[in-house]
**Student:** 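Pasting in a structure now, in structure tokens, and then I'll have a few things to ask.
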There are 2 protein chains.
Amino acid sequence: MNLSMTAAPAAATEPCDLSATEAAAAIAARELSSQELVASCLNRIARRDDAVRAWAHLDPEQALARARAADARPPSGPLHGVPVGLKDIIDVAGMPTGFNSPIYPGYVPAADSACAAMIRKAGGLILGKTVTTEFANRHPGPTRNPHDPARTPGGSSQGSCAGVADRQVPLGIGTQTSGSIVRPAAFCGIVGYKPSFGEVSRVGVKPHSGSLDTLGLCGRSVGDVELLRAVLVGVPYRPEAPSCLSLRVALCRGESWEAAEPCSRQAVEETAAALVQAGAELRELELPPAIFGGWLDDHRRIANFESARSFGHEKRLFADKLSRDLYEGRIRDGERCTVDDYIAAQRRAEAMRGWMDEAFDNFDVVLTVAAAGEAPLGLAHTGDARFNSLWTLLYTPCLTLPRGTGPNGMPLGIQLVGRRFEDERLFAIAGGVERLIAAGS
Amino acid sequence: MNLSMTAAPAAATEPCDLSATEAAAAIAARELSSQELVASCLNRIARRDDAVRAWAHLDPEQALARARAADARPPSGPLHGVPVGLKDIIDVAGMPTGFNSPIYPGYVPAADSACAAMIRKAGGLILGKTVTTEFANRHPGPTRNPHDPARTPGGSSQGSCAGVADRQVPLGIGTQTSGSIVRPAAFCGIVGYKPSFGEVSRVGVKPHSGSLDTLGLCGRSVGDVELLRAVLVGVPYRPEAPSCLSLRVALCRGESWEAAEPCSRQAVEETAAALVQAGAELRELELPPAIFGGWLDDHRRIANFESARSFGHEKRLFADKLSRDLYEGRIRDGERCTVDDYIAAQRRAEAMRGWMDEAFDNFDVVLTVAAAGEAPLGLAHTGDARFNSLWTLLYTPCLTLPRGTGPNGMPLGIQLVGRRFEDERLFAIAGGVERLIAAGS
């Protein structure tokens with residue numbers, strides 16, 4: 001297993017190769033202009049777009065004009081002059097939003113989403129809209145895995161993850177209702193992070209399932225994602241010192257373990273061994289079947305019951321323009337779920353959250369698989385979300401780190417899960433694990 | 001105290017006087033056309049609009065055309081041909097949405113909100129958009145209390161409640177983040193209902209506080225609101241048999257009791273006495289200070305922290321077009337709240353919800369005040385929300401019933417609170433209490 005593989009090259013040769021924190025520091029120090037950075041990203045996109053197809057909307061002239069305007073202003077925040085790609089279900093004033101659906105041709109939102117406004121307030125630029133699966137469900141867009149165009153980048157936040165992995169943009173925003181940020185980030189070999197439920201505003205993001213939808217962030221390092229998280233939460237950016245000393249790690253195999261490929265399990269087990277080597281205390285996390293027995297069904301019931309209502313407008317007027325995946329697989333299934341079954345699933349999910357919160361008294365972080373394995377061949381299927389949807393249901397922060405490659409040379413990820421609302425602690429731990437991996441462990 | 005006072009007259013003389021369930025039944029039986037009903041509502045509005053000013057957008061020709069189209073179609077659902085008024089923060093495709101703000105002139109949403117789509121699917125008509133306070137916060141619109149135009153109708157769902165109370169429309173939809181449906185319904189002498197948090201989709205409703213915003217429903221009887229709730233949840237309409245037999249009632253005075261006027265406390269105590277007379281078992285609900293001590297501050301922290309982010313776009317570009325109430329009172333306050341204080345408030349709120357859910361093992365319903373007293377004089381202030389915001393924070397369903405009048409002849413309400421996710425049980429109880437009140441108890 002080649003451990004050094006990451007999406008970033010060994011040495012940065014162009015501004016687009018810089019991490020977000022490096023680029024922000026260089027711009028703040030006037031060693032780099034926003035215009036140079038954006039032009040470098042646009043050049044990279046021009047060279048690579050035929051292969052990767054990460055963008056649903058991109059207006060290079062407008063992006064350069066915004067960069068020049070940023071260069072002309074005094075620095076206004078920690079993202080000053082740094083471009084971000086936003087998934088095409090997230091409103092940006094003045095940019096078309098298409099949801100990867102034929103239902104909204106030419107639709108341009110009147111207002112920024114909360115996250116777009118927070119990025120702009122922090123001095124950042126919206127480079128463009130990144131490809132999403134249809135309404136952030138399963139029906140894929142044209143995006144390809146930058147490591148192998150014959151393979152899916154995963155979904156639903158496919159453009160954000162592929163674009164960041166390919167160094168077309170340093171930061172991306174997506175969403176996660178099941179596994180829509182962690183899985184594609186793992187498939188693309190970057191850091192993907194789903195915040196604690198409720199901590200990052202979803203205003204202006206097309207809803208799928210109100211009880212589960214969470215923004216998702218991606219970048220090429222833990223520090224980059226941490227910077228973007230501070231901007232989106234609206235708190236000062238004070239990076240945590242990376243630390244995985246005296247760590248109590250809970251290895252979660254769970255029922256999904258056997259469904260993961262050996263390479264993915266091996267990445268987790270080798271990370272666990274490296275952590276032990278570094279002084280961590282390792283235990284197994286057993287999820288009691290009496291509480292967690294039906295979580296996958298409960299996640300589906302909640303997601304689909306709510307989706308059947310969220311898409312009330314589209315299903316009433318445009319049912320023929322919805323994919324079968326969305327219409328039959330989600331909406332019709334959600335219509336068949338009774339309100340009593342929905343409520344029972346919500347109550348069980350609350351019990352699971354309570355159990356998990358108490359369980360975190362006994363460990364600092366959960367270590368588990370991020371995806372079944374390498375990104376599968378083909379673009380039609382974006383992969384299995386079961387390795388992620390439990391943590392979405394539990395409202396816990398979770399983060400995938402790239403760790404090595406699989407039998408086909410594609411990136412593999414591992415997943416770290418923190419206690420709900422202790423996202424900063426998770427960043428400290430993930431930063432430590434990231435160093436451990438970089439050191440070859 | 002005059003107990004028989006309600007907004008409806010003694011005998012229905014025009015279609016607009018019919019309750020929603022009566023109107024729906026008459027339309028289904030072909031004894032009434034939707035066109036007759038809508039024309040009657042429009043006539044009532046034409047006569048009363050100068051005094052009440054409940055509507056932010058109304059297109060009579062379009063409304064009549066929709067009614068004629070409904071009459072030409074076979075019945076399509078339980079609301080067939082029945083008009084509903086929607087608060088002007090709720091998207092309706094093709095109708096302007098203004099939020100009672102100068103920031104969005106001419107804005108017309110591209111899609112229906114989930115609730116608008118559910119109403120149309122059930123055969124209902126959107127009559128128009130009803131006046132809201134600015135972005136459903138405190139800065140009032142022009143709406144007056146139909147019982148006395150010198151008094152506020154309450155807020156923020158002021159147009160929906162005033163319009164329903166004045167028989168301009170049989171059903172209205174608003175929202176509640178603090179007390180925005182129950183308080184104006186009580187001030188206007190109608191039934192107002194906030195569902196269990198999470199049960200009715202908020203898709204397409206301008207967000208204020210994602211953790212607290214809930215749709216609110218209003219009508220002139222418990223049965224009408226129950227019908228509308230079934231439509232919005234997307235479940236078959238099977239009205240509960242009204243029942244307050246063998247009821248275990250918890251009277252909640254709490255810390256807010258002394259802040260209520262004597263007339264409001266008397267309405268609650270007389271209702272409690274009537275319930276005991278009818279065989280109910282009465283107990284006091286004491287909220288333990290160790291758990292509930294800071295609920296009002298916690299509600300404010302959560303609401304304002306989230307509002308500061310929800311209005312990220314408006315505050316960045318249009319701060320000068322926001323009222324001081326919203327900008328200083330909410331947004332700036334929310335910016336000053338640290339994320340740690342926000343998280344602590346969320347954790348305490350979750351503990352309160354857990355406590356209340358267990359407490360419901362010992363009683364069937366909570367009885368408490370709905371508002372401080374009668375609607376205050378003047379239009380500048382919409383009243384004190386503290387009698388409602390606890391139940392919004394607790395995610396419990398709550399409902400106000402009109403009960404008698406106060407010293408100035410204005411309507412008074414009482415409030416019933418059910419266990420979270422047991423909204424149907426609350427309707428059964430409220431139906432029983434409604435009968436008890438109608439019988440003069």
Side-chain angles (χ1 to χ4, degrees), chain A residues 91 93 103-104 106-121 196 198-204 206-208 210-211 230 232-235 302 305-306 308-317 334-335 338-340 342-344 346-347 350 353-354 357 420-424, chain B residues 91 93 103-104 106-121 196 198-204 206-208 210-211 230 232-235 302 305-306 308-317 334-335 338-340 342-344 346-347 350 353-354 357 420-424:
Chain A
D91 287 352
I103 296 177
Y104 292 94
Y107 169 62
V108 178
D112 270 345
S113 54
C115 64
M118 299 296 264
I119 288 168
R120 298 204 216 245
K121 178 164 174 272
S196 290
E199 212 177 86
V200 174
S201 177
R202 306 174 300 180
V203 170
K206 176 80 175 165
H208 202 300
S211 299
L232 296 189
V233 176
V235 295
I302 293 169
F305 182 93
E306 294 181 354
R309 285 140 187 91
S310 299
F311 296 104
H313 174 73
E314 291 83 1
K315 77 178 183 183
R316 198 176 74 84
L317 295 181
E335 288 172 347
T338 67
V339 70
D340 287 345
Y342 167 73
I343 289 169
Q346 286 280 25
R347 288 196 176 279
E350 285 173 10
R353 285 172 207 138
D357 201 59
R420 184 179 183 200
F421 287 139
E422 296 189 358
D423 297 51
E424 289 170 8
Chain B
D91 287 353
I103 296 177
Y104 292 93
Y107 169 62
V108 179
D112 271 344
S113 54
C115 65
M118 298 297 264
I119 288 168
R120 298 203 216 245
K121 178 163 174 274
S196 290
E199 210 177 87
V200 174
S201 177
R202 306 174 300 181
V203 170
K206 176 81 175 165
H208 201 300
S211 298
L232 296 189
V233 176
V235 295
I302 294 169
F305 182 93
E306 294 181 354
R309 286 141 185 90
S310 299
F311 295 105
H313 174 73
E314 293 84 0
K315 77 177 184 184
R316 198 175 74 84
L317 296 182
E335 287 172 349
T338 67
V339 70
D340 287 345
Y342 167 74
I343 289 169
Q346 287 281 26
R347 288 197 176 277
E350 284 173 10
R353 285 172 207 137
D357 200 58
R420 184 176 184 202
F421 286 138
E422 296 190 358
D423 298 50
E424 290 171 7

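Below, chain A is the first sequence line, B the second, and so on; all start at residue 1. What you see is a predicted model; the values in this text were computed from it and never measured.
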**Student:** Heavy-atom pairs under 4.5 Å with chain A are the metric here; pick the option from B/Arg420, B/Glu306, B/Arg202, B/Met118 that has the most.
**Tutor:**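 Of the options given, most contacts go to B/Arg420.
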
**Student:** Indicate the atoms forming the closest heavy-atom contact of A/Ser201 with B/Arg309, along with that distance.
**Tutor:**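 Closest approach of A/Ser201 to B/Arg309, heavy atoms only: CB-CB, 4.0 Å.
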
**Student:** Could you tell me the separation between the CD1 atom of B/Ile343 and the CD atom of A/Glu199, rounded to the nearest 0.5 Å?
**Tutor:**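 Reported value, rounded in 0.5 Å steps: 4.5 Å.
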
**Student:** First locate atom CZ of B/Arg347, then atom CZ of A/Phe421, and finally report the distance between them rounded to the nearest 0.5 Å.
**Tutor:**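 Reported value, rounded in 0.5 Å steps: 6.5 Å.
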
**Student:** Only pairs of heavy atoms separated by less than 4.5 Å count here; which of B/Ala111, B/Ala114, B/Ser310 has the most with chain A?
**Tutor:**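 Winner by heavy-atom pair count: B/Ala111.
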
**Student:** Can you name the salt bridge (charged side-chain N to carboxylate O under 4.0 Å, His left out) partners of B/Lys121, sequence neighbours left out?
**Tutor:**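 In terms of salt bridge (charged side-chain N to carboxylate O under 4.0 Å, His left out), with neighbours along the sequence ignored, B/Lys121 is linked to no residue.
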
**Student:** Is it the side chain or the backbone of B/Phe311 that comes within 4.5 Å of chain A heavy atoms, both, or neither?
**Tutor:**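 No part of it gets close to chain A.
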
**Student:** Restricting to non-hydrogen atoms, name the atom on B/Gly312 and the atom on A/Ala117 that form the minimum distance, rounded to 0.1 Å.
**Tutor:**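 Shortest heavy-atom separation between B/Gly312 and A/Ala117 comes out as C-CB, 3.5 Å.
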
**Student:** According to salt bridge (charged side-chain N to carboxylate O under 4.0 Å, His left out), who are the partners of A/Glu314, at least two apart in sequence or on a separate chain?
**Tutor:**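 Counting only residues at least two positions away or on another chain, A/Glu314 forms a salt bridge (charged side-chain N to carboxylate O under 4.0 Å, His left out) with A/Lys206.
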
**Student:** Check each atom of A/Val233 against the heavy atoms of chain B and say whether the ones under 4.5 Å are side chain, backbone, both or neither.
**Tutor:**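 It is both, since atoms from each part get that close.
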
**Student:** If I measure from the heavy atoms of chain B, does A/Glu335 come under 4.5 Å with its side chain, its backbone, both, or neither?
**Tutor:**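 Neither part.
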
**Student:** Using every non-hydrogen atom in the two residues, find where A/His313 and B/Ala110 come nearest and quote the distance to one decimal.
**Tutor:**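 Looking at all heavy atoms of both residues, the closest pair is NE2-O, 4.0 Å.
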
**Student:** Does any heavy atom of chain A fall under 4.5 Å from the side chain of B/Gln346, the backbone, both, or neither of them?
**Tutor:**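 The side chain, not the backbone.
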
**Student:** Is it the backbone or the side chain of B/Asp357 that comes under 4.5 Å from a heavy atom of chain A, or both, or neither?
**Tutor:**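 Only the side chain of B/Asp357 comes within 4.5 Å of chain A.
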
